[in-house]
Amino acid sequence: MNNTEIRMLTEEQILQEPEDNYMDDSQLAFFKQRLIDLYESTSHHIQSAREEMGHTADASDLSDVSDRATLEEQSGIALRIVEREQKLLPKIKLALERIRLGNYGYCLESGEPIGIPRLLIRPTAEYSADVKSLMEMKEIQYKD
């Protein structure tokens with residue numbers, strides 16, 4: 001067996017890995033594939049939503065006011081979803097770049113490990129949960 005061969009881990013296996021293996025080649029390969037899959041599925045979903053919006057009837061063609069209102073509401077929701085997903089694509093690219101540079105999985109503020117469970121939920125996470133909570137508390141304080 002080749003010693004440089006990278007093991008492909010499952011989600012269950014990566015959770016059982018010892019702390020010493022944090023962001024080793026196998027874990028980085030796992031998250032790289034997860035990010036690539038997320039990028040592809042998000043791009044596909046954006047494209048499908050755009051096509052669907054293009055095929056829906058024009059609200060002005062509907063004579064019933066409630067049908068028109070429903071169509072406009074559904075279009076607004078679809079647009080907000082597409083906008084949110086479009087913001088995710090650059091975050092995925094930045095996470096892939098952090099993998100390439102070797103600092104993926106570590107908090108950009110503190111340098112501490114972000115943690116496997118958090119990265120499984122949010123693979124584009126840039127900050128540890130503690131730092132992110134502090135940042136959000138500061139945002140709330142300065143908002144008032």
Side-chain angles (χ1 to χ4, degrees), residues 1-60 62 66-144:
M1 185 170 131
N2 187 352
N3 287 339
T4 60
E5 191 172 306
I6 297 172
R7 294 179 300 139
M8 287 308 294
L9 301 170
T10 64
E11 194 170 314
E12 292 77 26
Q13 289 172 323
I14 204 167
L15 285 168
Q16 296 172 353
E17 290 269 299
E19 286 185 29
D20 292 345
N21 292 1
Y22 189 74
M23 292 303 132
D24 65 4
D25 289 344
S26 296
Q27 291 187 3
L28 287 174
F30 173 87
F31 283 108
K32 181 178 180 181
Q33 188 58 51
R34 180 168 274 217
L35 288 162
I36 290 170
D37 292 345
L38 181 61
Y39 189 89
E40 289 173 356
S41 68
T42 302
S43 296
H44 177 73
H45 188 256
I46 290 170
Q47 184 65 30
S48 296
R50 283 183 178 157
E51 289 173 7
E52 190 174 311
M53 285 190 291
H55 293 301
T56 55
D58 185 4
S60 62
L62 300 173
S66 64
D67 287 346
R68 200 174 323 148
T70 300
L71 181 62
E72 287 176 359
E73 178 68 21
Q74 288 173 343
S75 296
I77 291 169
L79 252 171
R80 284 194 297 271
I81 290 170
V82 166
E83 287 173 359
R84 193 178 77 212
E85 289 185 339
Q86 282 180 325
K87 290 178 183 175
L88 179 60
L89 294 177
K91 291 179 181 180
I92 295 170
K93 286 183 177 178
L94 289 173
L96 287 167
E97 182 66 11
R98 288 194 303 277
I99 286 175
R100 190 182 72 76
L101 296 173
N103 57 8
Y104 178 81
Y106 294 92
C107 179
L108 295 179
E109 182 85 16
S110 67
E112 295 292 317
I114 292 173
I116 297 296
R118 180 166 165 74
L119 289 170
L120 288 173
I121 293 169
R122 182 179 288 271
T124 58
E126 298 175 316
Y127 301 100
S128 67
D130 292 340
V131 168
K132 187 66 176 172
S133 294
L134 284 173
M135 294 169 86
E136 289 172 353
M137 286 173 30
K138 285 180 183 175
E139 282 179 27
I140 290 170
Q141 285 178 341
Y142 289 119
K143 195 183 251 184
D144 295 333

Identify the two heavy atoms, one from Pro123 and one from Ala95, that lie closest to each other, and give their separation to 0.1 Å. O-CB, 4.1 Å
If you take all heavy atoms of Ser128 and Ser110, which pair is closest and at what distance? OG-OG, 4.4 Å
Could you pull out the closest heavy-atom pair between Gln27 and Tyr22, with the gap in Å? OE1-CA, 3.4 Å
Leu38 side, atom CG; Leu88 side, atom CG - distance, nearest 0.5 Å: 5.0 Å
To the nearest 0.5 angstrom, please state how far the CD atom of Gln16 sits from the CG atom of Asn21. 12.5 Å
Could you go through Gln47 and Val82, starting from their C-alpha distance and side-chain angles, then the distance that decides it, and tell me whether this counts as side chain to side chain contact (heavy atoms under 4.5 Å, CB included)? CA-CA 9 Å; Gln47 184 65 30; Val82 166; over 6 Å; no
In terms of side-chain heavy atoms, does Glu17 have a donor or acceptor partner in Gln13 at a distance below 3.5 Å? no
Taking atom CZ of Arg98 and atom OH of Tyr106, what is their separation to the nearest 0.5 Å? 13.0 Å
Short question: side chain of Tyr104, backbone of Lys32 - any donor-acceptor pair under 3.5 Å? no
A side-chain contact here means heavy atoms from C-beta on lying under 4.5 Å apart; do Glu73 and Thr70 qualify? no
Salt-bridge criterion met for Arg100 and Glu97 (N-O under 4.0 Å): yes
Name of the residue among Leu9, Ile116, Thr10 meeting side chain to side chain contact (heavy atoms under 4.5 Å, CB included) with Leu15: Ile116
Is it true that Glu126 and Lys91 have a side-chain N and a carboxylate O under 4.0 angstrom from each other? no
Rounding to 0.5 Å, atoms CZ (Phe31) and CD1 (Ile36) come to a distance of 13.5 Å
I want to check something: taking the side chain as every heavy atom from C-beta on, are Tyr39 and Lys93 in contact at a cut-off of under 4.5 Å? yes
How long is the straight-line distance from CG of Leu119 back to CD1 of Ile14, given to the nearest 0.5 Å? 8.5 Å
Separation of Leu120 CG from Arg122 CZ (nearest 0.5 Å): 13.5 Å
Is Leu35 close to Thr124 at the side-chain level, that is, under 4.5 Å between some pair of heavy atoms? yes
Where is the tightest heavy-atom contact between Ile6 and Ala29, given as atom of each residue plus distance? CG2-CB, 3.8 Å
